[in-house]
Amino acid sequence: MSRPTGAWRHQPQHRGRMWAASPFFRRQLVLLRSLLPQSPPPSSVAGCRFAHLSSPSGTSGSLRAARAMAAATVYEADAEAVVRRITPPLDRARHKGQAGKIAVIGGCREYTGAPYFAAISALKVGADLSHVFCTKDAATVIKSYSPELIVHPILEESYSVRDDERASVSSKILTEVAKWMERFDCIVVGPGLGRDSFLLDCVSNIMKHARQANIPTVVDGDGLFLITNNLGLVEGNPLAILTPNVYEYKRLVQKVLNCDVNEETASEQLMELCHKIGGVTIMQKGKADVICDGKTVTQVSTFGSPRRCGGQGDILSGSVAVFTSWAQHFILSNEQPTEKRVNPTTLGCIAGSLLLRKAASLAFEKNKRSTVTTDIIEFLGKSLEDICPAEH
Ligand SMILES: NC(=O)C1=CN([C@@H]2O[C@H](COP(=O)(O)OP(=O)(O)OC[C@H]3O[C@@H](n4cnc5c(N)ncnc54)[C@H](OP(=O)(O)O)[C@@H]3O)[C@@H](O)[C@H]2O)[C@@H](O)CC1
Ligand SMILES: Nc1ncnc2c1ncn2[C@@H]1O[C@H](COP(=O)(O)OP(=O)(O)OP(=O)(O)O)[C@@H](O)[C@H]1O
Ligand SMILES: [Mg+2]
């Protein structure tokens, strides 16, 4: 699915006719306009709040102030419209792989649940193939959770590699992953990866390779630990998506901005963080998921569930990977002028956030206090179906 093959084209054109007369079409226009960096903020956008951005260096006077105001406005995304717009049709002519091939780089001795949650969520949202690249210890366990996943037991931790073998093992690991890399539409780095230094060195090489191959990369969990200490891995990469939780965000802010998280100036700080790292998209997870691509700040605050069981961020990272690949494909297939293109990473984050929240809400309705991550995954399908039915 890496290149637009035309499969997406039929549906948007068909939908275009349908949508022209529908309220969805108008909502969509508002949404797309609101996401465009050059658009003035529409004063009537529901749910938006203003915040004042500390001025980016290099600009001056009223222009700087105007840009700052526009940039720091937080829009509530029309997330359902985004999901509808970027989700590809279930076209009978399409072949396996066209709805997305995702890979999760994660899974070690301690953590097997996180990479499983991310990879299976990618499938449940609608990707055709989902791979996991993990350590040998984790591989059998992850395979046993699900026969749907393609599991590569190729990563190594320090304890299993002699010092004099490190260089050769590291290059072998990169060669193994590189064989597959071009086929992936998006990768997720970090769920359950662990923090072993040798393993993280190998994953750094994988990330560099993915970047050279222009593969969108969602960085989560221990992947965020890795990049926080090695910002060059994502600096200036517009296809990198960082999905920090409260604690991961705090570490990122401390490292990059050299200060503490400030709730009073939250959106300005997020924008500044994006600018300092340069080009990346950040989704700050929490009560609302706040998404910034350095140009706009958008949030999804649809209520999900009051249960905070571990693993919900992993569902999110797998879902964002699929939606980002769909958004990228949708945008490329629709031949919008480059300057009008909405960032696919932003759309992917908005859609992933909404779907997780809807699924969490349905799972909580059914399971109440006993809701766990597996229950939420079960509702990903219904949540998407409610927004964007398979048959229409
Ligand atoms: N089933 C599995 O296999 C799962 C595996 N997972 C994997 O685990 C790995 C590590 O991920 P992580 O999130 O535990 O690590 P990190 O962010 O360093 O937290 C470390 C400490 O920070 C704190 N803390 C955390 N969040 C906070 C908050 N919101 N607000 C305030 N404090 C907060 C908290 O400290 P405590 O409260 O315990 O003192 C926590 O102990 C990673 O690979 C991930 O993918 C998970 O995906 C879950 C499912
Ligand atoms: N305070 C909150 N109120 C409502 N929803 C929340 C809240 N915090 C997180 N969420 C929801 O849970 C999702 C995952 O965020 P969370 O902070 O749990 O990630 P995480 O710590 O990385 O998860 P994981 O346990 O998978 O590592 C968010 O996208 C959001 O939908
Ligand atoms: Mg996490």
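Every number for a ligand or one of its atoms is a count from 1 in the order of the listing.
Asp260 and Gln254 share a side-chain donor-acceptor pair at under 3.5 Å. Residues Ser160 and Glu156 bring a donor and an acceptor atom of their side chains to less than 3.5 Å of each other. A donor and an acceptor atom, one from each side chain of Thr112 and Tyr145, are located under 3.5 Å apart.
Near ligand 2, residues Asn245, Lys285, Gly286, Lys287, Asp289, Arg308, Gly310, Gly311, Gln312, Gly313, Asp314, Leu316, Leu356, Arg357 come within 4.0 angstrom through at least one heavy atom. Within 4.0 Å of ligand 1, heavy atoms belong to protein residues Tyr111, Gly113, Ala114, Phe117, Gly190, Pro191, Gly192, Leu193, Arg195, Asp222, Asn245, Val246, Tyr247, Glu248, Arg251, Gly311, Asp314.
Between Trp326 and Phe323, the ring-plane angle classifies as perpendicular under the 30° and 60° cut-offs. Ring planes of His131 and His152: parallel class, angle under 30° (limits at 30 and 60°).
Annotation: cation-pi pair Arg109/Tyr159 present, NZ/CZ under 6.0 Å from the ring centroid and within 45° of its normal.
Salt-bridge annotation for Asp222 and Arg195: present, with a side-chain N of the basic residue lying under 4.0 Å from a carboxylate O of the acidic one.
The side-chain hydrogen bond (donor to acceptor under 3.5 Å, both in side chains) search around Asn214 returns none, not counting sequence neighbours. Partners of Asp163 by salt bridge (Lys or Arg N to Asp or Glu O under 4.0 Å), not counting sequence neighbours, listed by chain and number: Arg166.
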